[in-house]
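Let me begin by presenting the structure, written as structure tokens, before commenting on it.
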Number of protein chains: 2
Amino acid sequence: MYEKKMPKSFACGMAIIMEIIGGKWKSYLVYLINKGVRRPSELQRAVPSASRRVLDLQLRELEFHGIIKRVIYHELPPKVEYFLTEFGESLLPVVAAMDKWGNEYQSVFEQLMEKKQD
Amino acid sequence: MYEKKMPKSFACGMAIIMEIIGGKWKSYLVYLINKGVRRPSELQRAVPSASRRVLDLQLRELEFHGIIKRVIYHELPPKVEYFLTEFGESLLPVVAAMDKWGNEYQSVFEQLMEKKQD
DNA sequence: TTTAATAGGGACAAAATTATCCCTAATCCC
DNA sequence: GGGATTAGGGATAATTTTGTCCCTATTAAA
């Protein structure tokens, strides 16, 4: 977690949820973990365009915020699994609504951009 | 709008909606405009902690993405008003859901942090 | 006549986020 | 032995986002 120099103001719920899932891959991580992709290495393979480092950092933050739980198996080679907390699950419908809107937006946006060509 | 060096991948709806309302004040601007705060100077007064420049930039982006419409009155002193487009209005329930979750999260998060004190 | 209000651009600085590269340590496979 | 796999830390660089400061031009009010 990085240290922030500007004080964060959580005046409204938006600022809060953005803090939680605003990271580039966070919502996707939540989605994948919910789908059963639990181990760090699996997650990395599932999102090859994300750097391993950033995925790790974002997983740490999700854990810190109580969205996911990290379970460490004391084996070798190391084994770790992530699970959504009950609280993390409460995020699913919201994320789904966002994703749905985004998908619908895509075509509308393309239409808008076509018009601007005229 | 800044030039981006990394190609953006809009693989999922989340990436898209984040592009639209991911900016620090964007969702709040949408909220305020919907509430009837229309003129740039009013918006600046409504969000005094945001710099004028950034509000302007984010308004431009919202306009570019077809969420709001800028209406210029050719008067002096200049007068400009922003309105949600029909499409921008479709965003309202999603933003409301996010805000709601965020507000509920706040107390849960505070409880979680207390536990970590032990 | 100076000051405030109006809407915003340009240049640049600061901060935050994301990406790259190298490192540990154990075990299994060839 | 050499290499792959496992999970992840440290240092640092690149990129993106946000913030600061100064500027234009017009009208009305003090």
Side-chain angles (χ1 to χ4, degrees), chain A residues 1-9 14-15 18-29 33 37-65 68-83, chain B residues 1-11 14-15 18-29 33 37-65 68-83:
Chain A
M1 220 104 28
Y2 298 88
E3 236 177 275
K4 310 212 167 131
K5 301 203 176 168
M6 309 285 296
K8 292 235 167 181
S9 61
M14 277 304 299
M18 282 308 199
E19 172 82 2
I20 309 293
I21 53 165
K24 190 160 177 180
W25 308 102
K26 283 183 177 179
S27 59
Y28 196 38
L29 287 171
I33 290 170
V37 186
R38 305 227 145 77
R39 301 187 62 181
S41 51
E42 290 172 344
L43 290 165
Q44 286 161 39
R45 278 190 292 270
V47 199
S49 50
S51 73
R52 196 261 308 160
R53 191 85 176 93
V54 171
L55 283 190
D56 281 355
L57 287 174
Q58 304 209 339
L59 286 165
R60 290 288 159 290
E61 291 181 13
L62 288 171
E63 190 195 5
F64 176 77
H65 284 117
I68 61 177
K69 198 168 33 207
R70 175 148 117 252
V71 177
I72 304 168
Y73 301 87
H74 293 283
E75 306 173 1
L76 274 169
K79 178 173 173 184
V80 164
E81 285 187 328
Y82 293 99
F83 296 89
Chain B
M1 220 103 27
Y2 298 89
E3 236 177 276
K4 308 211 169 135
K5 301 203 176 167
M6 308 286 295
K8 291 235 167 182
S9 62
F10 298 124
M14 276 304 299
M18 282 308 200
E19 172 81 3
I20 309 294
I21 54 165
K24 189 161 180 180
W25 308 101
K26 284 183 176 179
S27 59
Y28 197 38
L29 286 171
I33 291 169
V37 186
R38 305 226 143 78
R39 301 187 62 181
S41 51
E42 290 172 344
L43 290 165
Q44 286 161 39
R45 278 191 291 272
V47 200
S49 50
S51 73
R52 197 260 307 156
R53 191 87 175 91
V54 171
L55 283 189
D56 281 356
L57 287 173
Q58 304 210 339
L59 286 166
R60 291 286 159 292
E61 291 182 13
L62 287 171
E63 189 195 8
F64 176 76
H65 284 119
I68 62 177
K69 199 169 33 207
R70 175 147 118 252
V71 178
I72 304 168
Y73 300 89
H74 293 284
E75 306 172 1
L76 273 168
K79 179 174 173 185
V80 164
E81 285 187 330
Y82 293 101
F83 296 89

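Predicted model only: the values in this text are computed from it and were never measured. Letters go in sequence order (proteins before strands), and every chain restarts at 1.
The heavy-atom pair separating B:I20 from B:K26 by the smallest distance is O-CD, 2.9 Å. Here the closest non-hydrogen pair linking B:R39 and B:P78 is NH2-O, 3.5 Å. For the residue pair B:V37 and B:L43, the shortest heavy atom distance occurs at O-CD2, 3.4 Å. Between A:Q44 and A:D56, the shortest heavy-atom contact is NE2-OD1, 4.1 Å. Minimum interatomic distance between B:Y82 and B:P40 (heavy atoms only, all atoms of both residues): CE1-CG, 3.7 Å. In terms of heavy-atom proximity, A:K24 sits nearest to A:Q58 at N-NE2, 3.5 Å.
Set against C:dA19, C:dG8, C:dT6, the side chain of B:R52 has C:dG8 as its closest nucleotide. The listed nucleotides are C:dT20, D:dT20, C:dA7; the one nearest the side chain of B:P40 is C:dA7. The side chain of B:V54 has D:dG19 as its nearest neighbour among D:dG19, C:dA19, D:dG8. In this structure, the nucleotide among C:dT20, C:dT6, D:dG8 sitting nearest to the side chain of B:P78 is C:dT6. Comparing C:dA7, C:dG8, D:dG19 by their nearest atom to the side chain of B:S51 picks out D:dG19. Distance from the side chain of A:W25 is smallest to C:dA19 among C:dA7, D:dT6, C:dA19. Proximity note for B:Q58 (side chain, C-beta onward) versus C:dT6, D:dT18, C:dA19: the nearest is D:dT18.
At the heavy-atom level, B:Y73 lies nowhere under 4.0 Å from the strands shown.
The NZ atom of B:K79 sits 15 Å away from the P atom of D:dA28 (whole-angstrom rounding). We find that CZ of B:R53 is positioned 7 Å from C1' of C:dG10, with the value rounded to whole Å. We find that CD of B:E81 is positioned 12 Å from P of C:dG8, with the value rounded to whole Å. Summarising the geometry, the separation between CG on A:L62 and C1' on C:dT17 is reported as 15 Å, rounded to the nearest angstrom. Distance B:Y28 OH to D:dT18 C1': 18 Å, rounded to the nearest Å. B:E42 places its CD atom 8 Å from the P atom of C:dA7, with the value rounded to the nearest Å. In this structure, A:R45 atom CZ and D:dA7 atom P are separated by 8 Å, rounded to whole Å. Atom CG in B:L55 sits about 12 Å away from atom P in C:dA7, given to the nearest Å.
In this structure, B:R39 reaches the C:dA7 phosphate: one of its side-chain N or O atoms is under 4.0 Å from OP1 or OP2. Between B:K24 and D:dG19 there is a side-chain N or O to OP1 or OP2 distance below 4.0 Å. A close approach under 4.0 Å does not occur between any side-chain nitrogen or oxygen of B:S41 and OP1 or OP2 of C:dA5.
Mapping A:G23 and B:V80 onto DNA chain C by nearest heavy atom places B:V80 at the nucleotide closer to the 5' end.
A donor and an acceptor atom never sit less than 3.5 Å apart when one is taken from the side chain of B:R60 and the other from the base of C:dG9.
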